[in-house]
Number of protein chains: 2
Amino acid sequence: MATGRTHRPATRSRGIPEATVARLPLYLRALTALSERSVPTVSSEELATAAGVNSAKLRKDFSYLGSYGTRGVGYDVEYLVYQISRELGLTQDWPVVIVGIGNLGAALANYGGFASRGFRVAALIDADPAMAGKPVAGLPVRHTDELESIITDNGVSIGVIATPAGAAQQVCDRLVAAGVTSILNFAPTVLSVPEGVDVRKVDLSIELQILAFHEQRKAGEETTSAQEPAAAVQPRSSAAARTPAAGRAAGKGPDGDVPAVMPA
Amino acid sequence: MATGRTHRPATRSRGIPEATVARLPLYLRALTALSERSVPTVSSEELATAAGVNSAKLRKDFSYLGSYGTRGVGYDVEYLVYQISRELGLTQDWPVVIVGIGNLGAALANYGGFASRGFRVAALIDADPAMAGKPVAGLPVRHTDELESIITDNGVSIGVIATPAGAAQQVCDRLVAAGVTSILNFAPTVLSVPEGVDVRKVDLSIELQILAFHEQRKAGEETTSAQEPAAAVQPRSSAAARTPAAGRAAGKGPDGDVPAVMPA
DNA sequence: AAGTGTGAAGCTGTTCACAGCA
DNA sequence: TGCTGTGAACAGCTTCACACTT
């Protein structure tokens, strides 16, 4: 979720809805796969299925980009790949730095999805002097002292923060001061940035918590379920292994008790 | 309205808006920090700032949980921590399995945010026989052959997929068949699952692409047009030939390029 | 006086359904 | 005929503003 408030004043829109922007990479991936199989054209229906959305939404999304399809036929795969890439800014090279080369940082450095879409890892940066010079994913880790010069020398405008939560804001401030205007934050903290800087957050623990919420809900409704779609796999055998969520009575206990939850 | 009494809203309706659910973990984290500093109460304004949202939204969100605040005072920190934890289902233990112990899988296994919120890593699973038995984050990696028995024996209902894209669907099918009903997918693929199974996706490359989109726009705004053609490639002649293209950005890099994009 | 809880207004995003074009 | 492109209806989320409570 982007935190940094930004973007134009509503008027004079040339704007593509944010929700649409978020789906373009999805379409691009599906189109790339088709392109590799040399499929020349696709219908909105086929592409939508491949991307995991419904066709009306896909057509609407594409309508914001322009009229790139052919009625009665569909979309030209190669052409669409190009148009979406261009719209997303992937036809240019984006140097990025990854700060915090722990388990996650190393995983990111090795992640093929970055390099394959116009993102080039310009440098890996870590605060631990012992890490300096050590090669990770083929690049030598640089020390935090060099952060500013690396940003400047490489014209980096996108930074990835994979440090512990405690160091994130400080790293963020330095990145921004050095010229970075887009940040992908993996640290479990809310970053505050000046206007004009975009922040997107990826929080592993939050995703799991959202799943737990729905999981809990399912457990509490098992009594009512009866219908099972044909193709469904066998409805499971031992859901009982885990506590069936008990009816969370919720008598609304008086006050604080049962903390059980810890920091993250 | 949600009165906090019964958890059965008469109809099979959602109850708490999805957008609200997605923010609860955020509030929880902020509250936990306050709790550690022994702060007894907070106002919606303070808590909202700490969580990075605005206060009206926060109050609205909390109103779906019930009336847990005190007018003129604010919210009791401990009590709220408990209520949100309960609502999210974090007062119970959730065993999870992580499948695919590569860079990312290992990073996830080591991620403290899991264990600290009721999520217990029941097992690490990988298809590589050479990995079997090797300890990662204190747990021995188990071979994929054992997947089903691990799920069943531990009553696992949440699975994390961190395999390469090509293996994801197959792993997903096996997890679901074994009884998993919630999946957190890190592989860059659309997973298809039977009704009743929840899938959440975390896609590193997509996040970067979204940032690139906004970054590109910022650059274009600085000086009316005047874009630096970083590394535009050539356009597919066939593509350019078949469409009226029309509108917008036309000019641009004369034509476009196409690929440079790869699978992930 | 301070701050929650919430109708109501306003937005954004999704779905429908069909006109229009190849 | 087949499928895109899109106005219009709909649904969900956010923001406003203020009545109400402590």
Side-chain angles (χ1 to χ4, degrees), chain A residues 1-3 5 7-11 13 15-24 26-27 31 39-49 51-77 79-80 83 210 252 255, chain B residues 1-5 9 11 13-24 26-27 31 39-77 79-80 83 210 241-248:
Chain A
M1 329 329 232
T3 304
R5 261 296 57 98
H7 310 147
R8 61 192 58 208
T11 40
S13 68
I16 297 178
E18 193 55 37
T20 294
V21 171
R23 281 187 294 267
L24 292 181
L26 228 51
Y27 301 143
L31 284 165
V39 176
T41 61
V42 265
S43 65
S44 62
E45 196 66 57
E46 295 166 322
L47 184 53
T49 301
V53 303
N54 77 48
S55 64
K57 193 184 289 182
L58 178 145
R59 288 199 302 279
K60 190 63 133 182
D61 283 341
F62 285 179
S63 78
Y64 294 117
L65 307 183
S67 292
Y68 295 149
T70 305
R71 293 169 197 239
V73 178
Y75 301 90
D76 179 284
V77 173
Y79 187 58
L80 245 195
Q83 289 300 342
I210 295 171
K252 195 189 191 94
D255 268 291
Chain B
M1 204 85 312
T3 53
R5 296 284 304 295
T11 51
S13 72
R14 193 58 282 151
I16 300 177
E18 193 54 38
T20 294
V21 171
R23 281 188 295 268
L24 291 182
L26 228 51
Y27 302 143
L31 284 165
V39 176
T41 61
V42 266
S43 65
S44 62
E45 196 65 57
E46 297 167 321
L47 184 53
T49 300
V53 304
N54 78 47
S55 64
K57 192 184 289 183
L58 179 145
R59 287 199 303 280
K60 191 63 138 183
D61 283 342
F62 285 179
S63 79
Y64 293 117
L65 307 183
S67 292
Y68 296 148
T70 304
R71 292 169 197 239
V73 179
Y75 301 90
D76 180 284
V77 173
Y79 186 57
L80 246 195
Q83 289 300 342
I210 295 171
R242 75 165 2 301
T243 310
R248 333 201 333 156

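Numbers restart at 1 for each chain; the letters A, B, ... are given by sequence-line order, proteins then strands.
B:F62 comes within 4.0 angstrom of nothing in the nucleic acid, heavy atoms only.
Here the closest non-hydrogen pair linking B:Y75 and B:G69 is CD2-CA, 3.4 Å. Listed here is the closest heavy atom pair of A:E46 and A:S43: OE1-N, 2.9 Å. The two residues B:E18 and A:I210 have their closest heavy-atom pair at OE2-CG2, 4.0 Å.
Annotation: B:Y68 is in aromatic contact with B:Y79 [ring centroid separation under 6.0 Å].
For the pair A:L80 CG and D:dT4 P, the computed distance is 11 Å after rounding to whole Å. Look at OH on A:Y68: it is 12 Å from P on D:dT6, rounded to the nearest Å. The separation between A:Y64 atom OH and D:dT6 atom C1' is 10 Å, rounded to whole Å. Rounded to an integer number of Å, the gap from A:R23 CZ to C:dG13 P is 9 Å. In this structure, CD of B:E18 is placed 8 Å from P of D:dC13, rounded to the nearest angstrom. Per the geometry, CZ belonging to B:R59 stands 14 Å off P belonging to C:dG7, to the nearest Å. Computed from coordinates, the B:N54 CG to D:dA17 P distance equals 13 Å when rounded to whole Å. Rounding to whole angstrom units, CD of residue B:E46 and P of C:dG3 are separated by 8 Å.
Closest contact between the side chain of A:A19 and the listed nucleotides C:dG13, D:dT14, C:dA22 involves C:dG13. Candidate nucleotides D:dT4, D:dA19, D:dT14 were compared by shortest atom distance to the side chain of A:S44, and D:dT4 ranks first. Side-chain atoms of A:P17 lie closest to C:dG13 of the nucleotides C:dG13, C:dT6, D:dT14. Counting only heavy atoms from C-beta on, A:A56 has its side chain closest to C:dC16 among D:dA8, C:dT6, C:dC16.
Comparing A:G72 and A:D61 against DNA chain D, the residue whose closest nucleotide sits nearer the 5' end is A:G72. Of the residues near DNA chain D, B:R71 and A:G74, the one whose nearest nucleotide (by heavy atom distance) lies more toward the 5' end is A:G74.
In this model, the phosphate group of C:dT14 is not approached by any side-chain N or O of A:K60 to a distance below 4.0 Å at OP1 or OP2. Put simply, B:K57 has a side-chain N or O that comes within less than 4.0 Å of OP1 or OP2 on D:dT15.
Tested against A:L47 for a side chain to side chain contact (heavy atoms under 4.5 Å, CB included), the candidates A:T41, A:L58, A:V77, A:V53 yield a single pass: A:L58.
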